[in-house]
Structure formats: C-alpha cells, structure tokens
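Written out below as structure tokens is the structure these notes cover.
Residue numbers begin at 1 in each chain, while the letters A, B, ... track the order of the sequences.
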Number of protein chains: 2
Amino acid sequence: MEDSGISSLIASLENRDRLSAEEKAALEALNWRFRDFPRGTEIIRDRSRPAESCLIVQGFAVRAGYLRSGQRQLTALLVPGDFADLHGLLLKVMDHSVIALTDCRIGFVDHAALRRLSADHPHLWRLFTLLLTIDASIQRTWLVSIGRRNPASHLAHLICETHLRLFSVGRARPDEFELPIGQADLADLLGLSVVHTNRTLQELRAQNLVRWRGGTVHLPDRKALAALAEFDPIYLHLDPERR
Amino acid sequence: MEDSGISSLIASLENRDRLSAEEKAALEALNWRFRDFPRGTEIIRDRSRPAESCLIVQGFAVRAGYLRSGQRQLTALLVPGDFADLHGLLLKVMDHSVIALTDCRIGFVDHAALRRLSADHPHLWRLFTLLLTIDASIQRTWLVSIGRRNPASHLAHLICETHLRLFSVGRARPDEFELPIGQADLADLLGLSVVHTNRTLQELRAQNLVRWRGGTVHLPDRKALAALAEFDPIYLHLDPERR
DNA sequence: CGCTAGGTTGAGGTACGTCAAGCTAAGTGG
DNA sequence: CCACTTAGCTTGACGTACCTCAACCTAGCG
C-alpha cells in the first residue's frame, strides 16, 4: 500500500470516528507540500503569522517555550499524524515555536484550503477541532505530571503515552518503539536537569521497566510501567465514537 | 444595564472579534439555566458524560487532576466568561473534574442547543473554537511556568495573567482585583507545597509587588511584577482580529 | 588515531518538602 | 460580652530531592 504521506493523520482520525471514502479522498486531494527538516531546526517561528498549517509526517517535533535565561520547556511532543499548528488557523499569531526534535518530514497545507475543506466537510472540521481538543487534554495531563508526579513516574508516564500514541497510528510494536532523542531534550520535556534525567532513567532501567538503546525504547513490562506512572489513557480519547 | 448573566462571555468574545447584534441576541436567547455552587463543590465530575456545557458567570472555578496519593494539580483557573467544558461537547467523556474554587454562579446550556447555534451562526462557532484554542495556549504557558520558572516568577506570572484576564472582562480595576482563595488552593495551582507558597508570597510582599489581604489582590507596581514574571500577554490573544 | 557529542559519575550546595507548633481572626454558644 | 472552637496563615527545624559543576567515559566518525 502506497503511503501518500498523510496515512498517520487518517489513522489518527479513524481512531476517533469513522471516515467516509469521500472524506479520505478530500484529505488526500489537499495541496500538500512536503519538506524535510533536519533535527534541531525551527519548523515554525514564535510570533510568526503562518498562512499554512503543518502536519508531522515522519519523525518527532516539539512545541517549545523559552525563558530569558535560555532555559526552555517543551510543551508538546508531536508524532506522525499530529498537526503542529492547527490552532494557527484561529490564533493568527503563533505564541510558541515548533522545532524538529529528530530529522522529520512535514506536510504543509494552506489555511485557505483547510477552510474550504471545512466548509465542504463539516464532519472533518469537527474532527480537526477534536484533535485540537485532545491536544489540550494531553497538555492538562502534562501539567499534572510536571506539577505533582515524581520524576520516575513522570518519565514512565511520558513513555506510556508516547508508546500508545505511536501505536495508535501504526508506528510502534506492542513492546517497543523508536524515539531517537537525547537526554538533554528528554530533560526539557520533563522539566528536569540533564543529570537528574539520566539518573531517573537509570532508576527505571534498574527496575527493568525500560531499555533505551540507540534510539529504540523497549518496554519489558508495560503493566508495571503503567502502574508506576498511574497511566490511564482515557485522556487520549482513542475510543471511536460518533462525533 | 441589566446583566443577563452572560455579559462576561460576550465581553470575552468581543475582545477577540466583533459580534453582530444578531449574534449577541442568539447567545442571550439560549436556554441558560443558572445554578449556584458553594466553594469546594464539584461542578462537573471526572468521567461523566455531560449533555450540557457550563459557563462561569460569577466567581472562580478550577480544573483539577488527582493522583492516587491524593495530591492534586489544578490545570486551569476559570474566570467569569470562561466555558469550563466546551470541550465536553467533542470529547464525550470528561477526563478531569471542575471544582468551584469560590462560591460561584454557573450557567448551563445543552449541547444540542450549542450545536444548533453553531449551525446557524458559523462565526460564533469559530469563536467558540477560538476560546478552546486560547485555553490551550494558556495551558502551554502554564507548562513553561511550572516546569522552568522559579516559584516567585511563577506566582507573579499567575497574578499578572489572572489580573489581565479579569480586567479584559471588566472584573478588575487597573491595580487590584478580587481573588478570594486560600494559600492551599494557590499551592495546588502552582504545584508547590503550602509552606513554600506562603514563603513565596512573602517574598513578593517584601519586594512590594503584591498586597493580598481579605480576598483582594493589590498590585502596587505592575511593571515590576510583569518584569519578574517575564509576562508577555500575547498568548491570551486579546487583540481583536477578523476570525 | 584523534575528535566530538552525548552519556555517566561524584561531590557539594540549595531550594524545596515535611512535620509540628504557634499565631490570628472570624464564628459560635454560654 | 466573653470563653471556646476552627480554619487558615505563619514560623522554625530538619531532611531530601533536585541542581550545578566538573570530570570522565563511551561510541561513532573522520
């Protein structure tokens, strides 16, 4: 089966509701422009006024917030099938930047085209809004993680979430997935220092909950990992319902 | 001027785009049901499947996430004019609860009525989606605050944000506003212990940045407070644009 | 073989949490 | 009007989880 580049988006939508053949065709028919970004480069600049939205096709990106001190906090981990800035369509001005965390391939569509699509296919527009909303749910969960979970539980939670999100778009095996990122970036995801991130990872390794080598994460005991994380996937809203 | 109960919602929308007289009338004409909640009570239960959305009319509410240990992190501070669970319309199942932080008055509207309103007034629906999106922007900012700001800066940021949000719906004076909440709740907003929250407040008081007595917050030096917080209100998207 | 980026380790400091007690102001019953 | 209670704020003492700095190790790569 040929991958048009947006298969993960379609998978992501189909996890939430049925798509008609017409809807899928309309998505495919959009004027997608694909572009590769090497890791570390900026995909969308803070304060810019993009005229297009962008979809993660391959690889990982992040939303990043900076302080004047140079410290940064990553506020989202974007995986294939995620729109990085669907909200740009409504907000006009970006209030954060999007960075390629690994080499990645991004698909761009004009806002105008998305608006036309929404007008013609209100159901698709509802599903896009749903994606926005799920994004917000994830952020709420991250707030709880960063505010109240201990580092080991927080890291475990991040791993469970990422695994499930990737799995749901066909990008993970039941007990492992690719996540070729360094501990410095992991630290910025967790809101910890690099050193403590390293020690937290070792803690999970010592309990045989995670093996992480060469960019692939292996989960020998998902049950125990989920228990440590108090991971309850309801907030990902992966159960298809009529919406 | 008579306050129909939704004046803050209208103010909030008008901060982002012009509303026509018809649109305002349509909002007023919705079948609002108003109900008072004493502080500490649950307005929406986690895991419930609400058939209506609720609007904060008066007072303050919060979104809350809990861990098994009983610890909680508040993930949003809801002020008059905010919808507490507009996302409930799309998500079906609530993934967090909403609690009255102070005594408050809540307005309920059926999802069905909102759907009809959206169909008849697509522009209003776009603005509702915008509110959802701004909500998410605020959450991203909170993630940065909680992850990377020091407690004093974080608290200063929360105060600046709350002041501006209240001011934008006509509920604050230029240098003070009502926020009748205790330090225990403030701690759950910040992700700190009560003791440290208390000491952080004292720190701001000592620098003459905040006076907080009897439920009213007074800001003798907003400039300096904003500087400490590195507060940049762009993420609140309060500039009216055509959307 | 040397260089580099990233992972790992140790030592030491500090900012936070916890526990427990004391304080204050508002409310309640005599 | 005054004891008594109560909830919330404040303080101090102490422990610890996390940060910082600096060195070292390792694996890839030229």
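- For C:dG7, the base has no donor-acceptor partner in the side chain of A:R199 [N/O atoms by modelled type, under 3.5 angstrom].
- For the side-chain contact (heavy atoms from CB on, under 4.5 Å) with A:F177, the qualifying choice from A:T162, A:L164, A:V79 is A:T162, the only one to do so.
- Taking only side-chain nitrogens and oxygens, A:Q183 never comes nearer than 4.0 Å to OP1 or OP2 of C:dA5.
- In this structure, A:L219 and A:L225 approach most closely via the heavy-atom pair CD2-CD2, 3.9 Å.
- Protein atom CG of A:L186 is 12 Å distant from nucleotide atom C1' of C:dG7, rounded to whole Å.
- Regarding contacts with the backbone of D:dT10, a side-chain N or O of B:R205 is found under 4.0 angstrom from either OP1 or OP2.
- To the nearest angstrom, P of D:dC9 lies 9 Å from CG of B:L201.
- Looking at heavy-atom distances under 4.0 Å, A:R39 makes contact with sugar-phosphate atoms alone, never a base.
- Look at CD on B:E203: it is 12 Å from C1' on C:dC16, rounded to the nearest Å.
- Picking from C:dT9, D:dT11, D:dC18 the nucleotide with the shortest atom distance to the side chain of A:Q202 gives C:dT9.
- Crowding of A:R47 atom CZ: a count of heavy atoms from other residues, nucleotides or ligands under 6.0 Å exceeding 12.
- Using modelled atom types, one finds no donor on one side chain facing an acceptor on the other under 3.5 Å when comparing A:Y66 with A:Q73.
- Checking C:dG17, D:dC19, D:dT11 against every side-chain atom of A:L192, the shortest atom distance belongs to D:dC19.
- Residue A:R45 qualifies as open at atom CZ: its count of foreign heavy atoms under 6.0 Å is 12 or below.
- Closest approach to the A:V195 side chain among C:dG17, C:dG10, D:dT10 is made by C:dG10 (side chain taken as heavy atoms from C-beta onward).
- With C:dG7, C:dC16, D:dC21 as the choices, the nucleotide that has an atom nearest any side-chain atom of B:P151 turns out to be C:dC16.
- Going from atom CG of A:L155 over to atom P of D:dA17 covers 17 Å, rounded to whole Å.
- Here A:R149 lies out of heavy-atom contact (under 4.0 Å) with every strand.
- Counting non-hydrogen atoms under 4.0 angstrom, A:R148 reaches nothing in the nucleic acid.
- For the pair A:N150 CG and C:dC16 P, the interatomic distance rounds to 18 Å; values are reported in whole Å.
- For the pair B:L101 CG and D:dG8 P, the interatomic distance rounds to 12 Å; values are reported in whole Å.
- Protein atom CG of B:N198 is 18 Å distant from nucleotide atom P of C:dG22, rounded to whole Å.
- Rounded to whole Å, the distance from CG on B:D185 to P on D:dG8 is 9 Å.
- Among the nucleotides D:dG12, D:dT20, C:dG17, the one closest to any side-chain atom of B:H196 is C:dG17.
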